[in-house]
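Lettering follows sequence order; numbering is per chain, from 1.
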There are 2 protein chains.
Amino acid sequence: MKAEDKILDAALKVFASEGFTGATTRRIAEEANVAEVTIFRKFQSKENLLKEVLIKNRAEISELDILFRIESDTDIATDLCNLGKKIAKDLRDKKKESKHRMLMFMLFEEGRRRPEVAEILTSVFQMYISRLSEYFEVQLQNGKLRNINPRSTALAFISYFVHTSLLRGVVDDCFMGDINEEVERFTDIFAHGILKTADTKVG
Amino acid sequence: MKAEDKILDAALKVFASEGFTGATTRRIAEEANVAEVTIFRKFQSKENLLKEVLIKNRAEISELDILFRIESDTDIATDLCNLGKKIAKDLRDKKKESKHRMLMFMLFEEGRRRPEVAEILTSVFQMYISRLSEYFEVQLQNGKLRNINPRSTALAFISYFVHTSLLRGVVDDCFMGDINEEVERFTDIFAHGILKTADTKVG
DNA sequence: ATTGTAAGTAAGTAGTTACTTACATATATT
DNA sequence: AATATATGTAAGTAACTACTTACTTACAAT
């Protein structure tokens, strides 16, 4: 792994856990196993390092687009449950040291201070919401859903996952037991909330 | 207003917007309209100032308990909608410069770094969830709800409000139109998600 | 063998920050 | 009037941090 990439990865990690102000170039260098001066040779300034971290991960996030593409199963409740599990799994995947959660934290924290960061958070959310909205829109036209607003519905769905994932980063696992079970419970409520009642069809 | 209180209020404001590390005692002093040295005379250290800010606002937050007490209206959908509007209103109340949102941001941000802060966030959430759970529990025994888990349901409900409130602090209002309308849409879905279907009763 | 490149070591600079000390002033209490 | 208490002004200290400079080492290409 090249020094530049090691630094970028380390920087994301340290920025996410200490915040931009709290992160020191020394710690980033330690984390990356490079000399501190290498950071400045490659990235000129801490400010610019942040910029590059965002650029790199923005690209990575865009590919995440796929995560929100629903593999339709004819059954909406099952669709949502599977999607939910997929999202929840991704937001706590330890293999990639939970890059998405680190990014999420950074975007939320630094977004309040830096418009460029807020702009990224905005566009990421817009992407997620668009994807989900499309799905709801289609199901609405299929006559399977009650009279709901697709965008608001998408936001509500996503809120649960982002919030619990943020919460888990702070209070780890004290509210929630088994994650899959929790997701099942949530998506069950959610699906019932938007579907035309089964009874209506039967009756 | 006494210097001590001016400092505590200013500190919450600055801590919430800049983070603990990013907040300087100079800025807090400016914000409070006191000399910087007064901060140290009253609070000894920045660290200790944070502690006192938490103590003061923890007491204030405990009173918030009332917010989650549901004024029952016999109709669960209406109950939840009213509760939602009450929460949403409180989380953006400008009169108190949105103290709750400032606190929320601070608890989420600093909670990841300071166990004492995480502990507060935990207990605040536990209080909220308990209150709501009780309500769901009762309605469950009244036979009005589907077979849901009260605690998971409470968490899901709260997630929407915390998340949208956090989001609003970063991307202000770009996803959501009129807040009350959004809340109505969400609580409509949510109520339908947990209630025994109307059709069942009719048919 | 020479040169170029990527990286490390070491020392230093300038600015900031938490916190201190010493002294002055205003206000309230006795 | 005298004293105590709360606050301000001003100057300074020690530590830290972003960033620089100068020199060295390792290695690959020519």
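Side-chain atoms of Thr24(B) and Val14(B), non-hydrogen and from C-beta on, never get closer than 4.5 Å to each other.
Between Thr25(B) and dA18(C) there is a side-chain polar atom (N or O) within less than 4.0 angstrom of OP1 or OP2. Residue Thr38(B) has no polar side-chain atom (N or O) positioned under 4.0 Å from OP1 or OP2 of dT7(D).
Between the P atom of dC19(C) and the CZ atom of Phe40(B) lies a distance of 5 Å, rounded to the nearest Å. Taking atom CZ of residue Phe43(A) and atom P of nucleotide dA18(D), one finds them 15 Å apart after rounding to whole Å. Rounded to whole Å, the distance from CD1 on Ile28(B) to C1' on dT17(C) is 12 Å. Look at CD on Glu4(A): it is 13 Å from C1' on dT5(C), rounded to the nearest Å. Put simply, CG on Asn33(A) is 9 Å from P on dG8(C), counting in whole angstrom units. A straight line from NZ of Lys42(A) to C1' of dA6(C) spans 6 Å, rounded to a whole angstrom. Nucleotide dA6(C) holds its C1' atom 15 Å from the CG atom of Asp5(A), rounded to whole Å. As rounded to whole Å, 16 Å separates atom P of dG12(C) from atom CZ of Arg26(A).
Nearer the 5' end of DNA chain D, as judged by each residue's closest nucleotide, is the contact made by Ala35(B), out of Val37(A) and Ala35(B). DNA chain D is contacted by both Glu47(A) and Glu36(B); Glu36(B) maps to the nucleotide lying nearer its 5′ end (nearest heavy atom per residue).
Note: Phe157(A) and Phe186(A) have tilted aromatic rings, judged against thresholds of 30 and 60 degrees for the angle between ring planes.
Counting any heavy atom pair closer than 4.0 Å across all strands shown, Asn48(B) reaches no nucleic acid atom. When heavy atoms are screened at a 4.0 angstrom cut-off, Val34(A) is found touching the sugar-phosphate backbone but no base atom. Heavy atoms of Ala23(A) sit under 4.0 angstrom from primed sugar atoms or phosphate atoms, though from no base atom. Using a 4.0 Å heavy-atom distance criterion, Lys6(A) is classed as making no nucleic acid contact.
Of the listed nucleotides (dT9(C), dC19(D), dT9(D)), dC19(D) has the atom at the smallest distance from the side chain of Ser45(A). Closest to the side chain of Arg41(A), out of dG8(C), dT20(C), dC19(C), is dG8(C). Considering only side-chain atoms of Thr24(A), the nucleotide from dT17(D), dT7(D), dT9(C) that sits closest is dT17(D). The side chain of Lys46(B) lies closest to dA18(C), out of dA22(C), dG8(C), dA18(C).
In this structure, Arg26(A) contributes its side chain and Glu36(A) its backbone to no donor-acceptor pair below 3.5 Å.
Annotation for Lys51(B): atom NZ does not count as buried by contact number, only 12 or fewer foreign heavy atoms lying within 6.0 Å. Atom CG of Asn147(A) has 12 or fewer heavy atoms from other residues, nucleotides or ligands within 6.0 Å.
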